[in-house]
Amino acid sequence: DAKTTQPPSMDCAEGRAANLPCNHSTISGNEYVYWYRQIHSQGPQYIIHGLKNNETNEMASLIITEDRKSSTLILPHATLRDTAVYYCIVRATNFGNEKLTFGTGTRLTIIP
Amino acid sequence: SQTIHQWPATLVQPVGSPLSLECTVEGTSNPNLYWYRQAAGRGLQLLFYSVGIGQISSEVPQNLSASRPQDRQFILSSKKLLLSDSGFYLCAWSVQVAFTDTQYFGPGTRLTVL
């Protein structure tokens with residue numbers, strides 16, 4: 001799986017949009033971009049994933065650049081409960097590649 | 001909707017004692033099941049995964065074992081715990097949809113071996 005690079009920490013004001021960047025310059029054509037978050041002492045929570053098109057669900061939006069070398073997770077109206085470590089993962093979901101590899105992620109702090 | 005349960009939530013065990021952690025999934029059939037461990041301040045380490053009843057693949061050799069006695073039940077065991085077995089144990093499930101299989105995690109069990 002391709003490696004990802006994320007800033008170690010970010011702050012965002014409550015109610016504003018939180019934009020979390022991720023670089024994955026060595027991504028392959030069959031690899032998806034996944035985002036998870038982990039709130040302290042809880043299991044990781046799936047947020048969203050995409051291949052090449054932008055995606056949106058009830059939690060967030062995922063913007064993937066046309067060359068697929070980077071992406072941005074957008075939390076449109078951040079709340080204090082969004083404070084967590086956010087992980088960007090690139091993964092080919094073929095048989096024999098079951099392992100999820102979490103890097104160090106971005107620690108997002110929502111400021112009241 | 002699907003839910004995943006793990007118990008116990010926390011566990012303190014002496015070195016050399018046995019271990020049994022249980023994970024169950026509701027609301028889906030024939031899921032892939034996974035056991036991960038997260039040591040303090042570190043990333044996730046895949047320990048075992050299972051694509052069906054009685055089918056277990058081990059990622060890392062260790063003194064832990066896994067079993068899948070039922071379709072939606074996954075058990076992590078040890079005969080004798082080591083200090084290094086302390087950590088946050090996470091169970092996850094996934095189902096293949098089109099070309100992707102998203103893994104969903106349980107709440108975890110925090111194990112402390114003393």
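All values below come from the heavy atoms of this structure, side chains included, with hydrogens, waters and symmetry mates left out. Chain A is the first sequence line, chain B the second, and so forth, proteins listed ahead of strands; every chain is numbered from 1.
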Ring centre gap for Phe48(B) and Phe74(B) strictly below 6.0 Å: no
Proximity breakdown for Thr104(A) and chain B, heavy-atom pairs closer than 4.5 Å: neither
For the pair Arg91(A) and Asp101(B), evaluate salt bridge (Lys or Arg N to Asp or Glu O under 4.0 Å) and give the outcome as yes or no after the intermediate values. CA-CA 10 Å; Arg91(A) 176 171 173 254; Asp101(B) 68 323; 3.4 Å; yes
Could you tell me whether Arg37(A) sits above the aromatic face of Tyr86(A), with NZ or CZ closer than 6.0 angstrom to the six-membered ring centre and within 45 degrees of the axis? no
So which part of Gln6(B) gets closer than 4.5 Å to some heavy atom of chain A, the side chain, the backbone, both or neither? neither
Would you call the rings of Tyr34(A) and His49(A) parallel, tilted or perpendicular if under 30° counts as parallel and over 60° as perpendicular? parallel
Against chain B, label Gln38(A) side chain, backbone, both or neither, depending on which of its atoms sit under 4.5 Å from a heavy atom there. side chain
Out of Gly103(A), Gly43(A), Pro44(A), return the one with the most heavy atom pairs under 4.5 angstrom to chain B. Pro44(A)
